[in-house]
Amino acid sequence: NTIQVNLTPMLPLKLIQEDRELVIRRLQVKNFDARVIIDQITALDQSRRQLQHQTDEKLAEMNALSRQIGDHIKAGNNAEALRLKDATASLKEQIKELQKKSAEAESALDARIIELPNLPHESVPPGKGHEDNVVVRSGGKMPVRQPGWLPHWDLGKHYDILDFDLGNKLTGAGFPVFKGQGARLERALINFFLDEGEKAGYLEILPPIMVNEDSGFGTGQLPDKEGQMYVVPVDRFYLIPTAEVPVTNIYRDTILNDSDFPLKNMAYTPCFRREAGSYGKEVRGLNRVHQFDKVEIVQIAHPDHSYQALEEMVNHVESLVHKLELPYRIVKLCGGDMSFTSALTYDFEVYAAAQDKWLEVSSVSNFEAFQANRLKLRFREAGNKKNRLAHTLNGSALALPRIVAALMENNQTPDGILIPEALKPYTGFEKIVRR
RNA sequence: GGAGAGAUGGCCGAGUGGUCUAAGGCGCACGCCUGGAGAGCGUGUAAUCGCCAAAAGUGAUUCGCGGGUUCGAAUCCCGCUCUCUCCGCCA
């Protein structure tokens with residue numbers, strides 16, 4: 001079950017050739033020591049080039065010979081043709097040998113290159129983990145916690161809108177069942193997020209929720225996150241961990257025009273994550289589940305404007321939590337907390353009062369050309385002969401479970417759970433009550 | 001699930017072993033023509049990697065994907081994927 005790489009991802013190689021020290025320095029911010037691997041890459045690239053050069057020359061020789069043989073046969077000069085044929089035998093063997101070595105050198109090089117994470121943006125702060133992230137701004141009104149307030153898992157039971165035991169029976173731990181007003185609340189949030197996205201210019205997509213291996217590789221889940229995805233072995237399909245995968249892969253192997261920018265897509269999908277290695281208090285209730293609903297926004301941007309696009313996406317997500325009247329903060333992730341694929345990531349956290357916890361509800365990232373390189377997503381630019389790689393971005397807008405958790409916990413009253421104003425047209429009710 | 005047909009450039013489409021360095025058409029770009037537009041005429045029209053300091057140039061690869069036969073494969077052989085038609089099953 002090794003990952004097939006169809007084409008050499010060339011971007012990191014170019015960067016390494018241009019400025020090796022820069023690559024090393026930047027990856028240090030992600031706490032990734034790249035020295036050894038970069039030396040290996042440089043050496044492997046050398047031998048790959050050399051081998052290709054040799055192979056190409058032999059191939060050119062063979063092509064010339066074949067043409068001559070054809071010409072001789074046509075001219076009726078069979079003796080000469082036969083003589084030349086003899087000469088091809090050893091050449092053929094040399095070519096075979098060289099091609100084998102070339103292919104080996106190339107896959108060895110590819111294997112190393114795809115181990116390199118994306119370079120973080122210059123502004124990314126160094127740091128080890130969550131505690132080193134930087135709060136860039138916050139908003140919303142902090143709820144005043146009342147005595148006797150219950151965490152959302154208890155509220156879910158009390159109002160019979162959220163049933164973990166039933167999910168456990170049907171599937172297993174981490175597959176919650178929403179019932180009645182709970183199910184309706186999910187549907188309301190999905191429609192609310194999609195409507196807001198449409199107003200912001202995003203085109204709605206309803207993609208497959210299983211993808212093939214090429215798609216998993218294109219957005220960088222494979223091979224990095226192989227163990228985190230559910231797999232359908234008979235057909236070698238992966239259940240998507242996020243709509244980012246199918247939506248961004250729409251643009252795999254395409255060449256856009258620069259007039260196509262910015263491309264703005266969004267999709268609602270269920271998302272599936274194995275979350276292997278998670279345990280304890282952090283995973284209680286809706287805090288961490290294996291299947292959840294999410295609306296994802298994706299942008300394909302011109303490299304010169306991708307950080308503008310990132311800003312715009314952050315503002316869009318902020319408007320959503322604002323309309324839901326949730327207390328939130330936006331943090332810029334430090335190098336150690338960033339994903340393999342990202343160049344810059346902002347996380348959104350909302351405050352869940354009963355747990356007294358900040359819960360991550362959105363992650364908005366610019367991947368620069370990292371995904372585009374794997375996707376072969378390029379664009380033509382007027383006046384530029386060479387096609388350039390586009391930039392890809394995505395963000396949750398929003399992931400539902402923790403939003404639901406915060407809404408339930410913060411809006412609980414003795415009479416029921418109050419629905420925020422903006423959501424009422426979508427739920428069709430003003431509060432969640434006991435049936 | 002069974003039987004048959006097919007997959008060629010941005011698109012349509014020709015091509016059954018060397019003249020494929022892929023015909024022809026459409027589209028697109030530029031030029032000529034025009035008061036302007038159209039028509040007409042002419043020219044051009046892919047990607048990836050290598051060599052070269054670079055441009056120019058040049059070598060290699062790519063006709064769904066992977067193997068094979070051959071001095072030589074879009075073309076012949078084997079496997080796979082996908083599409084279409086018919087039959088069966090089915091929300």
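No hydrogens, no waters, no symmetry mates; every other heavy atom, side chains included, goes into these values. In the text below, chain A, chain B and the rest are named by the order of the sequence lines, each starting its count at 1.
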Touch class at under 4.0 angstrom, heavy-atom based, for A:Leu59 against every strand present: sugar-phosphate

side-chain hydrogen bond (donor to acceptor under 3.5 Å, both in side chains): pairs with one or both residues in residues 19-35 of chain A, sequence neighbours excluded: A:Arg20-A:Asp39

Distance test, side-chain N/O of A:Asn63 to OP1/OP2 of B:rG59, below 4.0 Å: no

A:Arg378 vs B:rU48: side-chain N/O to OP1/OP2 distance below 4.0 Å: yes

Gap between atoms CD1 and P, on A:Ile95 and B:rG59 respectively (whole Å): 16 Å

Strand contacts (RNA chain B) in residues 71-81 of chain A, 4.0 angstrom heavy-atom criterion: A:Ile73, A:Lys74

Selection from B:rA60, B:rA47, B:rC49 that lies nearest to any side-chain heavy atom of A:Asp56: B:rA60

Pairs meeting criterion salt bridge (charged side-chain N to carboxylate O under 4.0 Å, His left out) with involvement of residues 50-60 of chain A, two or more places apart: none

Electrostatic pair A:Glu104:A:Lys101 at N-O distance under 4.0 angstrom: no

Pairing residues for A:Asp260 by the salt bridge (charged side-chain N to carboxylate O under 4.0 Å, His left out) criterion, not counting sequence neighbours: none

Contacts of A:Ser123 that satisfy side chain to side chain contact (heavy atoms under 4.5 Å, CB included) - sequence neighbours left out: A:His121, A:Lys332, A:Leu344

pair A:Leu27-A:Leu119: side-chain heavy atoms closer than 4.5 Å: yes

All pairs passing side-chain hydrogen bond (donor to acceptor under 3.5 Å, both in side chains) where residues 420-435 of chain A contributes a residue, at least two apart: A:His158-A:Arg434, A:Asp160-A:Arg435, A:Asp195-A:Tyr426, A:Glu421-A:Lys424

Results of side-chain hydrogen bond (donor to acceptor under 3.5 Å, both in side chains) for A:Asn315 - residues two or more places apart only: A:Arg137

Could you run down the sub-3.5 Å N/O contacts of the protein with nucleotides 51-53 of chain B?
| from | atom 1 | to | atom 2 | distance (Å) |
| --- | --- | --- | --- | --- |
| B:rC51 | OP1 | A:Arg49 | NH1 | 3.4 |
| B:rC51 | OP2 | A:Arg49 | NH1 | 3.1 |

Pairs flagged by side-chain hydrogen bond (donor to acceptor under 3.5 Å, both in side chains) wherever residues 164-176 of chain A is involved - sequence neighbours left out: none

Is there any protein nitrogen or oxygen under 3.5 Å from a nitrogen or oxygen in nucleotides 72-75 of chain B, and what are the pairs?
| from | atom 1 | to | atom 2 | distance (Å) |
| --- | --- | --- | --- | --- |
| B:rG72 | OP2 | A:Lys92 | NZ | 3.3 |
| B:rG72 | O4' | A:Ser66 | OG | 3.3 |

Presence of A:Arg83 side-chain N/O under 4.0 Å of B:rC71 phosphate oxygens OP1/OP2: no

Pairs satisfying ring-ring contact (aromatic ring centres under 6.0 Å, His included), at least one member in residues 88-109 of chain A, at least two apart: none

Partner residues of A:Asp347 under the salt bridge (charged side-chain N to carboxylate O under 4.0 Å, His left out) criterion, sequence neighbours left out: none

